[in-house]
There are 2 protein chains.
Amino acid sequence: MPTIYDVARQAGVSAATVSRVLNGRQSVDPDMVARVLAAVRELGYRPNAVARNLRRSRTTLWAVIISDIGNPFFTATVRGIEDVAQQAGYSVVLCNSDENPAKEETYVAAALSEQMAGVIIASAGSGKAAKALLESSIPVVAIDRKLPRGEVDTVVVDNEAGAREATEHLLGAGYRRVACITGPEGVSTADLRLRGYASAMPGEPLVVRADFREQGGYDAMSALLSGPDRPDAVFVANNLMAVGALRCLAEHDVNVPGEMGLVGFDDIPWADLVRPSLTTVAQPTYELGRMAARLLVDRIASPSGKPSTVVLPAELHARQSSRLT
Amino acid sequence: MPTIYDVARQAGVSAATVSRVLNGRQSVDPDMVARVLAAVRELGYRPNAVARNLRRSRTTLWAVIISDIGNPFFTATVRGIEDVAQQAGYSVVLCNSDENPAKEETYVAAALSEQMAGVIIASAGSGKAAKALLESSIPVVAIDRKLPRGEVDTVVVDNEAGAREATEHLLGAGYRRVACITGPEGVSTADLRLRGYASAMPGEPLVVRADFREQGGYDAMSALLSGPDRPDAVFVANNLMAVGALRCLAEHDVNVPGEMGLVGFDDIPWADLVRPSLTTVAQPTYELGRMAARLLVDRIASPSGKPSTVVLPAELHARQSSRLT
DNA sequence: GTGAAAGCGCTAACAA
DNA sequence: TTGTTAGCGCTTTCAC
């Protein structure tokens, strides 16, 4: 691999001049520019970003740490992030924690060690990861889920209102006994959606905690079906678990929506092709990503200043799975 | 941010000793180890990976460049890659080219500049990106799609056989006029699946090219429906396009499988929940990722040596969408 | 407008 | 076993 000195020698100039040409921030004699560019081409020179980052003490990389790469919600959000990042001159490094706090800590440590310019994170709930981020003073934006005891820029949807609306929708359709399958305790989306559900329930709440994954939703639904107090409808606090629940119901020949109503949180790409089509509380994923990225750009530009929290609205998409009559 | 010298001063040792303690490759006096670790903790020291990478002239990062983060095929494959990478001490940096050759080139350039340890790529078809990779001598493994004129380690499924089987399956079910919706010319999966289809077709092939995305599948199906020579079945060369085609058929009230049979390539997570459930040629995604990662580990260990190509079998999952009777 | 030289933070020869 | 020292490749003063 040729270095900047090889290029300098080839062009008959100093390394400083090559650097100036390549970074284009200072004016350089046109002749020299031409010679340098020719030398770059001849040698196939590629600047060493590691050296540049070290010298500049900064990088143009963002770590985007999401908790499940298999969840369409996150992949759609990432698209929004990427579009803004690219425009602002940053590259996005995607990290998949798989809802595993240990993996999440590893990725946070890597982001800090690699001196990344900023972090966007949907925390899997690791207090350690959050602590490391907050202590490091690296610019951080939390998405989807609040960072545990973290005073950072945050973009979320109105989980409580969305969950309440979903529950009221089921009750309004005529279901009597609405259960809730939510996510792990301590994950803000799980707790807030549960609260929204509970606030809309007139009677005793019926709650099962699972892990925000498809199999978890399946198992939770299974437990509800064989439990002592079988519900006639269920609000499921995320999309993958809703799919799992739906599969469980199909396998047990429980008619949806006749015998069991179902509403999920987070849309899925093919909610309308599934039968019965899935009623969901949809989130503005792409916009959420864009907003988070914009906040990060601003935070990098001005690291001090009070963090802001943006709450985006969620919207009920009524489809077949909640249509009792 | 404290440096290794701050730690050294605090612990009353040299920077070299701190480095040795932290990297644990040389034996160090236990007393010193304790002092160093204490100093590290007190100062909240975190090694600067950028400096280390520069000094060592290598990194422990892999760039995994996929062409569509919204495609479950790729996300499942990434899981397999990650598991092997982690075990081998590498971190995975995921890059989404969005089927856009320009983006792909950008990511390849970044991977090279950042001195990444290796690249796993499902090429969006950019000859330029392939050229840059091959010239650089960075370890590369191609997945899913062959790298344009690239002699590199490759993991693919048997696209031609899978497509042939899908087509024969439709013909065997009693469909007469089977069309094919495939991907962009020059992308090996698109061309090979087309070839497999054509080899199984007794009569004149009926082919539409699209872009491997859902909307493309929708539009292609639309064109087939209104074309002069309407088919009674269609083999769709990837999963997202199959979903698009299905949606198009649903919106046009074309009965599937009665009026139109459908087989897709690549499974989708909810193929069995969609109605009609989707017949697909499924690929061993997770295993594909693991295999690619293992090849990359080997290639990094021994950069010379002939590249190998691994062909994994694809498997037809017959469901409702191809059941004529 | 250009070049010489210092130094980003770390690791690895080499000496002691 | 430990410390001294050089240098990875680049950018950025500082002098000219």
Side-chain angles (χ1 to χ4, degrees), chain A residues 1-37 39-40 43-61 89 109-117 136 138, chain B residues 1-37 39-40 43-61 89 109-117 136 138:
Chain A
M1 289 275 287
T3 74
I4 200 169
Y5 285 100
D6 298 322
V7 176
R9 195 175 321 118
Q10 173 97 358
V13 300
S14 74
T17 298
V18 176
S19 174
R20 289 184 189 112
V21 169
L22 262 34
N23 292 292
R25 307 196 58 76
Q26 246 179 295
S27 64
V28 181
D29 187 288
D31 280 5
M32 297 206 141
V33 173
R35 266 154 58 200
V36 167
L37 293 179
V40 164
L43 298 176
Y45 171 71
R46 223 173 250 292
N48 182 323
V50 176
R52 181 193 341 208
N53 292 340
L54 177 59
R55 173 61 228 227
R56 287 190 178 155
S57 312
R58 63 194 157 80
T59 69
T60 57
L61 295 179
L112 295 175
S113 281
E114 299 283 348
Q115 321 288 114
M116 301 228 178
S136 73
I138 191 176
Chain B
M1 289 277 286
T3 73
I4 201 169
Y5 285 99
D6 298 322
V7 176
R9 196 176 319 117
Q10 174 96 357
V13 300
S14 75
T17 298
V18 176
S19 174
R20 290 194 267 257
V21 169
L22 263 33
N23 292 293
R25 307 195 60 74
Q26 247 180 294
S27 64
V28 182
D29 186 286
D31 281 5
M32 297 206 138
V33 172
R35 268 152 60 199
V36 167
L37 293 179
V40 163
L43 297 176
Y45 170 72
R46 223 173 251 291
N48 182 324
V50 176
R52 179 192 325 181
N53 293 340
L54 177 58
R55 174 60 231 232
R56 287 192 179 153
S57 312
R58 63 197 159 81
T59 70
T60 57
L61 295 178
L112 295 175
S113 281
E114 301 282 349
Q115 319 290 117
M116 302 228 178
S136 73
I138 191 176

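Chain naming here is simple, since letters A, B, ... match the order of the sequence lines and numbering starts at 1 in each.
Between B:Y5 atom OH and C:dT11 atom C1' the separation is 9 Å, expressed in whole Å. One can place CG of A:N48 at 8 Å from C1' of D:dC10, the figure rounded to the nearest angstrom. Per the geometry, CZ belonging to B:R55 stands 8 Å off C1' belonging to D:dA6, to the nearest Å. The CZ-C1' distance, from B:R9 to D:dT4, rounds to 17 Å in whole Å. In this structure, B:R25 atom CZ and D:dT2 atom C1' are separated by 19 Å, rounded to whole Å. The distance between atom CD1 of B:I4 and atom C1' of C:dA12, rounded to the nearest whole Å, is 12 Å. A:N53 places its CG atom 10 Å from the P atom of D:dT11, with the value rounded to the nearest Å. Note: CG (A:L43) to P (D:dG9) measures 14 Å, nearest angstrom.
Listed by first and then second residue, the salt bridge (Lys or Arg N to Asp or Glu O under 4.0 Å) pairs that reach into residues 5-18 of chain A are A:D6-A:R9, sequence neighbours excluded.
Between B:T3 and C:dG9, a side-chain N or O to OP1/OP2 separation shorter than 4.0 Å is absent. Side-chain N/O atoms of B:Y45 include one lying less than 4.0 angstrom from OP1 or OP2 on C:dC10. Between B:N23 and C:dT11 there is a side-chain polar atom (N or O) within less than 4.0 angstrom of OP1 or OP2. At C:dT11, one or more side-chain N or O atoms of B:R52 fall inside 4.0 Å of OP1 or OP2 (strictly under the cut-off).
Legend: residues meeting side chain to side chain contact (heavy atoms under 4.5 Å, CB included) with A:A16, ordered by chain and number and at least two apart, are A:S14, A:R20. For A:A49, the side chain to side chain contact (heavy atoms under 4.5 Å, CB included) partners two or more places apart in sequence, or in a different chain, are A:N53, B:S113, B:E114. For A:A117, the side chain to side chain contact (heavy atoms under 4.5 Å, CB included) partners at least two apart in sequence or on another chain are A:T59, A:W62, A:Y90, A:I300.
Using modelled atom types, no side-chain atom of B:N23 and backbone atom of B:R25 make a donor-acceptor pair closer than 3.5 Å. Counting only distance, with no hydrogens or angles, the side chain of A:R46 and the backbone of B:L112 share no donor-acceptor pair below 3.5 Å. Distance alone, capped at 3.5 Å, is enough to place a donor-acceptor pair between the A:D29 side chain and the A:D31 backbone.
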Based on Watson-Crick and G-U pairs with both distances under 3.5 Å, what dot-bracket line describes DNA chain D 5' to 3', crossing pairs as [ ] and inter-strand pairs as |? ||||||||||||||||
Name the pairs: protein N/O against N/O of nucleotides 1-3 of chain C, kept only if under 3.5 Å.
from, atom 1, to, atom 2, distance (Å)
C:dG1, OP1, A:S27, OG, 3.0
C:dG1, OP2, A:S27, OG, 2.3
C:dT2, OP2, A:D29, N, 2.8
C:dG3, OP2, A:S14, N, 3.2
C:dG3, OP2, A:S14, OG, 3.1
C:dG3, OP2, A:T17, OG1, 2.5
C:dG3, N7, A:R20, NH1, 3.3
C:dG3, N7, A:R20, NH2, 3.4
C:dG3, O6, A:R20, NH2, 2.5

Determine, stepwise, if the pair B:V21 / B:M32 fulfils side chain to side chain contact (heavy atoms under 4.5 Å, CB included). CA-CA 8 Å; B:V21 169; B:M32 297 206 138; 5.6 Å; no
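Minimum interatomic distance between B:T3 and B:Y45 (heavy atoms only, all atoms of both residues): C-CE1, 3.5 Å.
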